[in-house]
Amino acid sequence: MYIPPGFATVTPYFFVRDAERFVRFLIDGLGGTETLRSLRPDGAIANAQVRIGTNTVMVSEASPAYPPMPGSYYLYVADADAAMHRALAAGATLEMEVGDMPYGDRQGGVRDPQGNLWWISQRLVEAPARSFGNAQLE
């Protein structure tokens, strides 16, 4: 199986209203880099690819066939406090202040202008996650 460089086995694909604004948020708010863009005949984004850290996400302007679908995403960063500040400055709204979590992450939450929820997390320990909330996985 071949997976293109920068992609993962599961790659998020966002269908949003105002894809141009969303791509700008991914770049300005989350530190992404746009790597590819194709447009529909009406000038709307058919597919934009934005690399964030080690992964690429894809974005398309929503349509009647593919309506907006907000989701929730867990984003690992080197500095959760700085990343939170950057996301808020780029138009996100605060969901949860950054704080140290019992499962080894320093984490906060924001909602982007298109309604997606981002859990911005900095791993504090070099160990696998053993507990998330009350759930235990062994």
Side-chain angles (χ1 to χ4, degrees):
M1 172 172 77
Y2 176 79
I3 298 172
F7 286 81
T9 304
V10 176
T11 299
Y13 199 138
F14 298 89
F15 290 92
V16 298
R17 295 210 191 289
D18 198 353
E20 184 69 45
R21 180 177 180 203
F22 185 64
V23 168
R24 190 86 261 140
F25 175 78
L26 294 175
I27 294 167
D28 295 341
L30 300 180
T33 303
E34 186 173 339
T35 59
L36 181 130
R37 179 182 291 218
S38 59
L39 301 176
R40 299 191 309 221
D42 67 0
I45 293 176
N47 180 273
Q49 296 176 9
V50 178
R51 187 164 176 99
I52 302 172
T54 60
N55 198 39
T56 297
V57 300
M58 295 188 286
V59 178
S60 287
E61 184 68 38
S63 68
Y66 300 101
M69 296 179 247
S72 180
Y73 304 93
Y74 206 91
L75 176 65
Y76 277 108
V77 298
D79 182 335
D81 296 279
M84 174 70 78
H85 177 74
R86 181 178 185 158
L88 292 170
T93 56
L94 183 66
E95 287 288 320
M96 183 178 82
E97 292 282 350
V98 172
D100 293 344
M101 300 297 149
Y103 42 86
D105 286 1
R106 181 160 178 74
Q107 177 185 65
V110 297
R111 191 171 300 271
D112 68 39
Q114 278 70 22
N116 298 292
L117 187 59
W118 295 88
W119 298 109
I120 297 173
S121 297
Q122 172 185 347
R123 192 73 177 149
L124 299 176
V125 297
E126 289 191 23
R130 296 244 185 247
S131 174
F132 191 84
N134 292 328
Q136 292 282 339
L137 298 177
E138 296 298 326

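Only a predicted model underlies this, so the values are computations on that prediction, with no experimental measurement involved.
One N or O on the side chain of R86 and one on the backbone of D28 form a donor-acceptor pair closer than 3.5 Å. Checking side-chain atoms of T35 against main-chain N and O of R51 turns up no donor-acceptor pair under 3.5 Å. Side-chain atoms of S121 never come within 3.5 Å of backbone atoms of R106 as a donor-acceptor pair (strictly under, hydrogens ignored). Between the side chain of E61 and the backbone N or O of D18 there is at least one donor-acceptor pair closer than 3.5 Å. Judged by distance alone, the side chain of Q122 and the main-chain N or O of A80 form a donor-acceptor pair under 3.5 Å.
At most 12 heavy atoms of other shown residues, nucleotides or ligands fall within 6.0 angstrom of atom OH in Y66. Applying the 6.0 Å contact sphere to CZ of R17 captures no more than 12 heavy atoms from other residues, nucleotides or ligands.
Note that CG of L26 and CD1 of I52 are 4.5 Å apart. Values are rounded to the nearest 0.5 Å. Distance CE/M96 to CD1/I120: 10.0 Å, rounded to 0.5 Å.
With ring centers used as reference points, Y73 lies under 6.0 Å from F14.
V57 and F15 fall into different hydrophobic clusters, where Ile, Leu, Val, Met, Phe, Trp and Tyr residues are linked whenever their side-chain heavy atoms come under 4.5 Å apart, directly or through other members.
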Using side chain to side chain contact (heavy atoms under 4.5 Å, CB included), reason through T33 and V50 one step at a time and then give a plain yes or no.
CA-CA 5 Å; T33 303; V50 178; 5.8 Å; no

R37 vs E20, side chain to side chain contact (heavy atoms under 4.5 Å, CB included): CA-CA, chis, key distance, verdict:
CA-CA 11 Å; R37 179 182 291 218; E20 184 69 45; 2.6 Å; yes

